[in-house]
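What follows is a single structure, written as structure tokens, with notes after it.
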Protein chains: 2
Amino acid sequence: MPRRPTSADVAREAGVSRATVSYVLNDTPHQSIPEVTRTRVRDAAARLGYAPSVAARVLRRGRSDVVLALLPDWPIGPSVGTMLTELSAALAADGLTLVAHPYDRAGRPAADIAGALGPACVVVLDALAEEQADALEAAGIALVQGLLSGPGDVERRVGRAQVEHLLERGAARLAYAWPADVRVTGFARERLAGVRAAAEEAGTGGVDVREVALDPAAAATAVAAWTSGRVGVCAYNDEVALAVLAGLRVHGARVPAGALVVGVDDVPAAALAVPALSTVAVDLGALAGHLADAVAAALGATRTGPTAAGELVRVVARATS
Amino acid sequence: MPRRPTSADVAREAGVSRATVSYVLNDTPHQSIPEVTRTRVRDAAARLGYAPSVAARVLRRGRSDVVLALLPDWPIGPSVGTMLTELSAALAADGLTLVAHPYDRAGRPAADIAGALGPACVVVLDALAEEQADALEAAGIALVQGLLSGPGDVERRVGRAQVEHLLERGAARLAYAWPADVRVTGFARERLAGVRAAAEEAGTGGVDVREVALDPAAAATAVAAWTSGRVGVCAYNDEVALAVLAGLRVHGARVPAGALVVGVDDVPAAALAVPALSTVAVDLGALAGHLADAVAAALGATRTGPTAAGELVRVVARATS
DNA sequence: CTGTTAGCGCTTTCAC
DNA sequence: GTGAAAGCGCTAACAG
């Protein structure tokens, strides 16, 4: 098996020096190389199937163009997927390549997997233990901690949006359907904080918080107190909301007459539920834009791509509210 | 800002040579270095916050330990997420680090993004254009094309499992709910092929294929012919199945008395639907194991981790069948 | 305008 | 047992 061609091979093939090859292939500015030479070099490269070595380039330049997203522990749904796609596109505009590392149940520390990759920056969706953050810093890797403490308090806004919508629709009192999955506790706490803040401002009474498991029977028990009286239920996300709906149905409760329900995420199943689920959708593109800004800032650069403005959070009103 | 410490710094700090540092930090075998020296080196490294440079290591060793998963065009749900986590764990056992690149709507070619990363191997979930595959090969990057042509024809087995289950439950004739999203056509084709093959073997008549959009009203139109007669509906996935259910409900059809429905994926919403959706679950762990085997083979290594045996595909019978 | 050259930080023979 | 030194493939000063 013939070893991969190097820039020296290309130089030999084209009858120029390695430097010229580098200049031509990188379109280095302020370098006046005649078009014929350029063509010769490019042809030679193509003929040999030359691909530059990332390792060598990174070593030489002293910086990588890779951004690593560390995915959280919890099951990633379509929202996270979409957000990553958007973020990838935003970063690509700045010449950065985004890759994601799925949560490692083996518990490989963040610094470890960053160490195997050598990214310029690490983006975490939830939050990183302090010692992990320090390890990254020591390795000269920028760190962006997202969402939770992130741009504009997205998670709290989500909670506020649920409450505002519910009250607008005539909810008499407020309840919160807390997720059974302990891995999302951090997010649930923020969203609930948003709910409580909005409830307080509106002068509503306290919020009745109950844990709702993703199982119709268990959910039925949990929602027993919400079957009537126009209680406005804020669910942690659409799945929990679907469970609330299933539970309410067991009791024969009427939605939205007796209880109103609103989820978060706008997963495909929300529109297909019966009755169709109202939900809070996050503008993933805008969120990704903010994250891209944070990455650029951490890297000491400025974004070239546009930063999306507008509301981050939007209520999709359907039949359950 | 002080520049990152190098192995030379550690050597100086510990009063040894760079070679010794390398030996100690890498636990190089067949090297008899006294424990005191080892401790001294490790302490020095810790004190300086030394982290080796991936780029330099990769350059020197001539191979990377990174495996890049190229995610498909379509919205990735929890199944893909779980599979990646499993695959990551399986590869980690072989000292490999998995990262994923989200689909880039900017259409950056696979070879491009691989070129920015320098992975040892690329795994694609769907399939790669031939010229892209060639470009990877030229760069000396191994390629594993997954799922579609992959291990044990998973997609076809999914279709077969749907049919077998439906017939067992007394379906009189078969129908297929085809997805409206063109991006998943490749997968839909395979699954439908499995359905047709199983139907033929069972001597059932032809399969009534209809495209079902993810919208109750549109779905209602599509499923008009399936409202009675114990038609067994194989849906492309759980979301399409949910749409079928929504459509059937518009017609007031009884499930499973008039029509039986089975989805694919076992998303959380499936268990919470009313009636609860029957579905085909793929053993993501086993699938990841197969993929890990393929990666190891492509890299000329042999897996150390165990290869999960057992059925790849399993029917989760709930209320709709 | 193009070529020569000096490293980037690391691993790994080979000599002491 | 430990160290000196060569070089992986590339880029960017600096000569020519």
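Sequence lines set the chain letters: A, B, ... in the order given, protein chains first and strands last, and positions in each chain run from 1. These numbers come from a predicted model, not from an experiment.
Distance, A/Arg61 CZ to C/dA6 C1': 18 Å, rounded to whole Å. D/dT2 atom P lies 18 Å from atom NE2 of B/His30, rounded to whole Å. Regarding B/Leu48, its CG atom lies at a distance of 14 Å from the P atom of C/dG9, rounded to whole Å.
Judged purely by atom type and a 3.5 angstrom limit, B/His101 uses its side chain to pair as donor or acceptor with the backbone of A/Leu98. Of the possible donor and acceptor atoms, one in the side chain of B/Gln132 sits under 3.5 Å from a partner among the backbone N and O of B/Ala110. Put simply, the side chain of B/Asp43 never gets that close to the backbone of B/Arg40: no donor and acceptor are under 3.5 Å apart. B/Glu13 places no side-chain N or O within donor-acceptor distance of the main-chain N or O of B/Ala45, the cut-off being under 3.5 Å.
The side chain of B/Thr20 places an N or O atom within less than 4.0 Å of a non-bridging phosphate oxygen (OP1 or OP2) of D/dG3. Considering only side-chain N and O atoms, B/Thr6 lies nowhere under 4.0 angstrom from the phosphate OP1 or OP2 of C/dG9. Put simply, B/Arg57 has a side-chain N or O that comes within less than 4.0 Å of OP1 or OP2 on C/dT11. Contact between the side-chain N/O atoms of A/Ser22 and the OP1/OP2 oxygens of D/dT11 is found at a separation under 4.0 Å. Phosphate contact (OP1/OP2 of D/dT11, side-chain N/O of A/Ser7, threshold under 4.0 Å): absent. The phosphate of D/dC8 has neither OP1 nor OP2 within less than 4.0 Å of any side-chain N or O from A/Ser53.
Contacts of B/Leu59 with the nucleic acid, taken as non-hydrogen atoms under 4.0 Å apart, include base atoms. Nucleic acid contact class of A/Val16 (heavy atoms, under 4.0 Å, all strands): sugar-phosphate only.
Two residues, A/Arg60 and B/Arg60, neighbour DNA chain D, and the one matched to the more 5' nucleotide by heavy-atom proximity is B/Arg60.
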